[in-house]
Structures are given as C-alpha cells and as structure tokens.
Number of protein chains: 2
Amino acid sequence: MPETDRVPIPTLLRLACYYRALVEQEQRGARRLSSSEIAQLCGISATQVRKDFSFFGLGGKPGVGYDPAQLRGQIARVLKLDRPHQIVIVGAGRLGQALAAYGGFGAYNLQVSGVFDSDPAKIGKRIGGGLTIQDVKKLTPKTCPGKRCIGALTVPADQAQRAADTLFSVGIYRILNFTPAPIEAPAGAIVRTAAFTPEFAVLAFFDKETHYEHD
Amino acid sequence: MPETDRVPIPTLLRLACYYRALVEQEQRGARRLSSSEIAQLCGISATQVRKDFSFFGLGGKPGVGYDPAQLRGQIARVLKLDRPHQIVIVGAGRLGQALAAYGGFGAYNLQVSGVFDSDPAKIGKRIGGGLTIQDVKKLTPKTCPGKRCIGALTVPADQAQRAADTLFSVGIYRILNFTPAPIEAPAGAIVRTAAFTPEFAVLAFFDKETHYEHD
DNA sequence: AGTTGTGAAATGCTTCACAGCT
DNA sequence: AGCTGTGAAGCATTTCACAACT
Ligand SMILES: NC(=O)c1ccc[n+]([C@@H]2O[C@H](COP(=O)([O-])OP(=O)(O)OC[C@H]3O[C@@H](n4cnc5c(N)ncnc54)[C@H](O)[C@@H]3O)[C@@H](O)[C@H]2O)c1
Ligand SMILES: NC(=O)c1ccc[n+]([C@@H]2O[C@H](COP(=O)([O-])OP(=O)(O)OC[C@H]3O[C@@H](n4cnc5c(N)ncnc54)[C@H](O)[C@@H]3O)[C@@H](O)[C@H]2O)c1
C-alpha cells in the first residue's frame with residue numbers, strides 16, 4: 001500500500017466514481033467488466049482507470065476483465081468504505097438540510113449522524129432524514145466516541161473558522177468545507193473544499209459572447 | 001488575452017476566490033493589498049497568486065501592491081462577471097431549492113432565473129428565493145432569449161442525461177452537473193462536475209485508524 | 001526596502017505504447 | 001485474440017529564484 005499522503009487526490013476522486021458505477025452494475029447483475037466499460041461509465045479514459053487500479057495493486061484478469069463485486073470490495077477497502085463513517089453537519093441551513101436528507105450516502109457506508117446549529121429557533125426541530133437539530137454547544141467529544149466522524153461545514157462564511165475549531169476541539173479532524181472561507185487547520189487535520197460558486201464562475205468564463213458592451 | 005481553452009482551470013477557480021476576497025476587502029475599506037495578503041485570504045501561496053494574475057496580465061505596482069477595486073474589476077472582466085449570467089436550475093429537489101434560495105450569487109453577477117421540475121405536485125409551488133417552480137416542458141429557447149444562461153443539473157442521476165439534453169436543445173451550453181452521472185455533451189458545450197459525495201470518500205480514505213476488524 | 005512579474009526547475013498527473021498474462 | 005499492467009514520454013501545474021520596478 002502506498003504512503004497515504006503520496007496518493008494523488010484525483011485518483012481517489014475517480015476511485016469513488018468507479019465505486020458508484022460498480023455498485024450500480026452489480027445491482028444490474030453484471031458479472032464481468034472491462035476497464036473500458038468502467039471508463040465509459042465514469043466518463044474517463046480506460047488507461048486512466050487501469051493506472052488508478054495499478055496504483056493500489058487492484059487486479060483484474062488479462063483477457064477477461066474485472067469482477068464487479070470483488071473490485072468494489074477492493075476499492076471499498078482502499079477508500080476505507082469497508083467501515084462506517086459518520087457525517088456531522090454544522091449549520092442546519094438550506095444546504096445542511098439538503099445534505100441531511102440526501103439518501104445517496106448509504107451506498108458508501110456514510111451516514112449523517114448529527115446536525116448542529118446555533119439558532120435557538122432551529123434547535124429541536126425535526127428535519128428531513130429523520131434527525132433533530134441539536135445545539136452546537138452540545139457538540140462534545142462524546143458526540144463521536146470512538147467513531148469515525150467527518151464534519152460538514154455549512155455555516156455562513158464568517159462562522160466557518162469558529163465552527164471548524166469546534167469540530168477540531170471535539171476530535172473531528174476531517175472536514176468538508178462548503179463555505180467560501182479558507183480554514184486554518186491544526187497539524188494532522190484535513191480540510192477539503194466543496195465550494196461550488198467558483199465552479200459557476202468557471203462556466204461564466206466560457207461564455208461564447210466575447211464582446212460585451214459596457215455602459 | 002490567452003486562448004480561452006488554454007487557460008488552466010485551477011487558475012480560474014482561484015480567480016473566483018480572489019474575486020470574492022476582494023469584494024469583501026473592498027467593503028471593509030481596504031485601499032491596498034499585497035499578493036501575500038490576497039494569498040492568505042484564500043489559503044494559497046503568494047507566488048501562485050502572482051502567477052495567476054500574470055497569466056492574464058493583471059497588474060499591481062511593485063513595492064506597493066494591488067488596488068482592490070481595480071483588481072476586482074479586472075478579474076470580473078476576465079471571468080466575464082462584468083455581465084450578468086442567469087442560472088437555470090433543473091430539478092427542484094432539496095439541492096435545487098437550496099441553490100435557488102442561496103443569496104451569495106449576486107456578488108458574482110449570477111442570478112437564478114428559473115427553476116424547473118417534472119413533478120406535477122411541485123410545479124406552480126413558490127420556493128425560497130421568490131421563484132415559482134415551472135414545468136420542465138416549458139423549458140424552451142425562449143426561456144433564455146439572447147441571455148447568458150448556465151444550467152444547474154439537480155435531478156436524480158438516472159435523469160441527468162435527459163435533463164442535460166433538454167438544456168442543450170434549448171441553447172444552454174454551459175452546465176454544472178451536481179449528479180454523479182457523467183454527461184455526454186455536443187461539441188462546443190461545456191459540462192463541469194460538482195459532485196460532492198466523492199469528496200466525502202476522499203476524507204474517508206484519510207481515516208487515521210488504519211486497521212479495521214472485519215467480521 | 002518592499003513587492004511585483006516571470007523564466008527556469010521541479011513536481012504531479014495523464015497519455016502512450018507495448019510487454020505479458022489468460 | 002483480447003484485455004490487463006506498467007515503464008517511459010508527454011503535458012500541465014506549482015514552486016523557486018531572482019531581476020525589475022516604484
Ligand atoms: N445554499 C447554497 O446553495 C450554497 C451555495 C454555495 C455556497 N454555499 C455556502 O454554504 C454555506 C451555507 O449556506 P446556506 O445557504 O445553507 O446558508 P443558511 O443561511 O441557509 O444556513 C446557515 C446555517 O448556519 C447556522 N449557523 C450560523 N452560525 C452558526 C454557528 N456558529 N454554529 C452553528 N450553526 C451556525 C445558521 O443558523 C443557519 O441555520 C454558506 O457558507 C454558503 O456560502 C451555499
Ligand atoms: N441532496 C444532496 O445533498 C446531494 C448530495 C450529493 C449529490 N446529490 C445529487 O444531486 C441530485 C439531486 O439531489 P436531491 O437530493 O436534490 O434530489 P431530490 O430527489 O430531492 O430532487 C430531485 C428533483 O428532480 C426532479 N426531477 C426528476 N426527474 C426530472 C426530470 N426529468 N426533469 C426535471 N426534474 C426532474 C424531481 O421531481 C425532484 O424534485 C441527485 O442526482 C443527487 O445524487 C445531492
């Protein structure tokens with residue numbers, strides 16, 4: 001197994017995509033899949049697929065292909081999806097609630113286990129997904145005892161660092177940051193960004209009308 | 001100006017980040033900013049900031065720094081945020097409605113102009129942000145006449161291609177795909193992916209407990 | 001003195017080409 | 001024959017180092 005911090009992030013992202021495609025194909029009863037079929041299902045080149053597998057020593061049979069169930073299991077072990085992870089959402093606003101109600105996490109062994117907010121008007125309310133919004137002050141080391149928690153930051157940008165610090169202080173060292181604010185993290189913690197407004201800006205850039213009449 | 005398809009996407013994403021930081025600093029009355037201050041605000045290295053600017057010929061004053069207002073204007077022109085873009089949401093579910101209600105697009109000259117769904121029970125309902133859900137069948141070339149529309153795909157994965165095709169057929173050639181399904185696009189169209197479940201999977205990978213007891 | 005702007009080096013990632021297995 | 005697995009090449013992006021400017 002390669003050193004965990006020498007692994008290309010793009011490879012991990014694609015592995016998650018293969019995983020999903022394999023779950024789907026397995027359900028459809030597929031028994032064999034070639035790298036180019038997997039590639040097609042994820043919109044990626046077949047070489048790339050094989051390189052990714054090769055990186056972790058995931059094997060198929062030359063001349064034949066891959067066994068979907070087995071490969072899925074191998075990828076799950078690589079991505080640590082063979083064990084459950086809990087998602088703790090901080091910020092029960094529109095985005096936080098959409099996440100909490102999302103039904104697609106189960107297939108990845110991910111489960112939203114708690115939703116926290118600071119607004120007294122929201123605390124105690126039941127939301128989609130069946131959870132009840134809890135006071136962010138009740139976020140303590142006991143929230144995630146011996147479990148594998150991942151924080152989801154869906155607070156306003158100016159609260160992002162504070163909310164992140166709460167998560168760190170409680171032993172949650174993996175955070176997906178949906179706010180546009182950058183997060184300072186202690187050594188050993190890992191914060192990834194999932195801001196999508198910049199993605200819209202990229203699409204704005206590709207506007208075909210190169211000229212625009214200024215006032 | 002460099003060829004529009006020779007531009008590094010990471011540069012565009014960072015440009016959007018600088019843009020946001022500049023808007024904020026401008027509001028706080030900042031008159032001068034150095035590349036290292038901008039870097040800090042976005043969690044990026046100062047060299048990277050200057051390289052990005054240099055790519056588009058955006059200039060500051062050596063020994064002094066950058067004028068926030070002027071720089072913001074320049075970045076806006078590069079990203080085409082000097083003109084308004086309309087966001088058309090297809091799929092008025094949890095995520096689509098969260099997007100529709102999001103108040104942060106205005107600063108980028110982006111505006112959600114329509115929300116479409118196929119569910120008769122949803123059509124006609126007023127949602128957060130003030131818009132009314134429309135029948136996806138009413139999505140025609142007139143939806144976006146001479147305007148600059150960007151599609152946001154927030155339908156279930158198995159409807160993604162169909163919904164995308166509808167957008168293409170109506171002249172919307174820029175799409176942000178929030179589903180896990182890959183999209184086949186006609187030449188000239190540009191589809192970007194904003195799936196965040198893979199991001200959670202990346203964080204799962206960085207689980208510190210390397211051993212896990214299997215049953 | 002302090003900060004920008006940029007070639008050149010280093011690193012990271014993807015694609016190619018093909019040897020090797022079944 | 002067909003498909004996998006992987007070094008080597010190629011391309012993209014980041015970082016370095018420093019000259020140039022104010
Ligand atoms: N909604 C979107 O589509 C969208 C799009 C892009 C980015 N974002 C980003 O995602 C974040 C959340 O967006 P949203 O639209 O859900 O906002 P929102 O205002 O609907 O929700 C924010 C929630 O955080 C809670 N909160 C505030 N301070 C808190 C604290 N210190 N601790 C715990 N909870 C706190 C608020 O009570 C509120 O319920 C924002 O940073 C926004 O920039 C959202
Ligand atoms: N909610 C999340 O947090 C989340 C997280 C990760 C990925 N996603 C992805 O985002 C997408 C939307 O997720 P969601 O949670 O909002 O789902 P949702 O089920 O709440 O909403 C989907 C909406 O699309 C509508 N729809 C279905 N077919 C349509 C069609 N052909 N044309 C127009 N509208 C149609 C449905 O009526 C529904 O309102 C899914 O693909 C999901 O995988 C969502």
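Keep in mind that this is a model prediction, so the values were computed, not measured.
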Kindly state whether the ring of Tyr66(B) and the ring of Phe53(B) have centres lying under 6.0 angstrom apart. yes

Would you say a side-chain N or O of Arg14(A) is under 4.0 Å from OP1 or OP2 of dC13(C)? no

Note: Phe168(B) and Val191(B) closest approach over all heavy atoms is CZ-CG2, 3.9 Å

Reading DNA chain C from 5' onward, which residue's closest nucleotide shows up sooner: Gly63(A) or Arg6(A)? Arg6(A)

In whole angstrom, give the distance that lies between atom CG of Leu13(A) and atom P of dC13(C). 11 Å

Do Gln159(B) and Arg162(B) have side-chain atoms, one donor and one acceptor, less than 3.5 Å apart? yes

5' precedence on DNA chain C between Val64(A) and Pro8(A) (nearest-nucleotide basis): Pro8(A)

Parallel, tilted or perpendicular: which one describes the rings of Phe178(B) and Phe200(A), with boundaries at 30° and 60°? tilted

Could you state the interatomic distance from CD1 (Ile38(A)) to CD1 (Ile44(A)), rounded to the nearest 0.5 Å? 10.5 Å

d(CG, Leu71(B); C1', dT4(C)) in whole Å: 13 Å

Enumerate the residues from residues 27-58 of chain B whose closest heavy atom to DNA chain C is under 4.0 Å, giving them by residue number; use none for an empty result. Ser34(B), Ser35(B), Arg50(B), Lys51(B), Ser54(B), Leu58(B)

Under 30°, 30 to 60°, or over 60°: which ring-plane class applies to Phe196(B) and Phe196(A), parallel, tilted or perpendicular? parallel

Taken to the nearest whole Å, CD/Gln74(A) to C1'/dG5(D) is 14 Å

For dT22(D), does OP1 or OP2 lie under 4.0 Å from any side-chain N or O of Tyr66(B)? no

